[in-house]
Engineer: 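The structure is given below, and queries will be raised subsequently.
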Amino acid sequence: KNQVEQSPQSLIILEGKNCTLQCNYTVSPFSNLRWYKQDTGRGPVSLTIMTFSENTKSNGRYTATLDADTKQSSLHITASQLSDSASYICVVSAYGQNFVFGPGTRLSVLP
Amino acid sequence: GAVVSQHPSRVICKSGTSVKIECRSLDFQATTMFWYRQFPKQSLMLMATSNEGSKATYEQGVEKDKFLINHASLTLSTLTVTSAHPEDSSFYICSARTSGSSISSYNEQFFGPGTRLTVL
């Protein structure tokens, strides 16, 4: 069964600190992996997209990694800001199939 | 960039009434649109997939007679919640995908901002 798991479920950090969110998946055949940021009451916004051959992808203070062998991905946020408070969703796509969504990690950045 | 809009952004209706939500791709043609539902503190759940000019494909457990989907053009899909009940209160999000590569080579889905439905 295609599944995406994320950890932690929620995370609280202080402004300026770094953090890393984890994603494990069992989606096959793997096509690509995306990280989305979803602000409360808004639709998801794409942060990064990685295919099988890509190990890392950066978007400003966001850096995603992918280990296709262990089927794990991480999203690292550097120098967090208050505006980073949101849910971060890992989404894996299999060839010819719809997106498989992870449950998300709810990040709260405190001043 | 690709922009998807939804209207209305929030709606409150009485139980038993019908509500229509529009999803538009503003600067690209969407051959496929997806409708998701999201309950508080949960991730998105796919309700149905619609392709322009054909009937929507509903996920298991989603009532097709209750959630009517029309994808009449390459830029517009509508979701009508018929005879709404309080348990239909949720956040409804659409996304649009283009088969062309002009916007994204990843067969990307672009999400709308969502519609908050509250049924009293």
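Every chain is numbered from 1 and lettered A, B, ... according to where its sequence line falls, protein lines coming before strand lines.
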Engineer: Please flag which part of A:Asp39 lies under 4.5 Å from any non-hydrogen atom of chain B: side chain, backbone, both or neither.
Structural biologist: neither
Engineer: Are the side chains of A:Ser87 and B:Lys41 in touch, meaning some heavy atoms are under 4.5 Å apart?
Structural biologist: no
Engineer: Among B:Thr49, B:Ile93, B:Leu44, which has the most heavy-atom pairs under 4.5 Å with chain A?
Structural biologist: B:Leu44
Engineer: Relative to chain B, which segment of A:Arg42 carries a heavy atom at a distance below 4.5 Å: side chain, backbone, both, or neither?
Structural biologist: both
Engineer: Identify which part of A:Gln9 has an atom lying under 4.5 Å from any heavy atom of chain B, answering side chain, backbone, both or neither.
Structural biologist: neither
Engineer: Report the distance from atom OH of B:Tyr36 to atom CE of B:Met45, rounding to the nearest 0.5 Å.
Structural biologist: 12.0 Å
Engineer: Work out which heavy atom in A:Ser73 is nearest to a heavy atom in A:Met50; give both atom names and the distance.
Structural biologist: OG-CE, 4.0 Å
Engineer: I need the residue from A:Gly41, A:Ser93, A:Gly104 with the largest number of non-hydrogen atom pairs under 4.5 Å to chain B.
Structural biologist: A:Gly41
Engineer: Please answer whether the main-chain N or O of A:Asn18 pairs with a side-chain N or O of A:Ser80 as donor and acceptor at a distance below 3.5 Å.
Structural biologist: no
Engineer: Would A:Tyr36 and A:Phe101 count as a ring pair (Phe, Tyr, Trp, His ring centres under 6.0 Å) if you check the C-alpha gap in whole Å, the side-chain angles of each, and the deciding distance to 0.1 Å?
Structural biologist: CA-CA 10 Å; A:Tyr36 285 92; A:Phe101 287 80; 7.1 Å; no
Engineer: Side chain from CB out, backbone as N, CA, C, O: work out which of these in B:Gln6 comes under 4.5 Å of a heavy atom of chain A, or both, or neither.
Structural biologist: neither
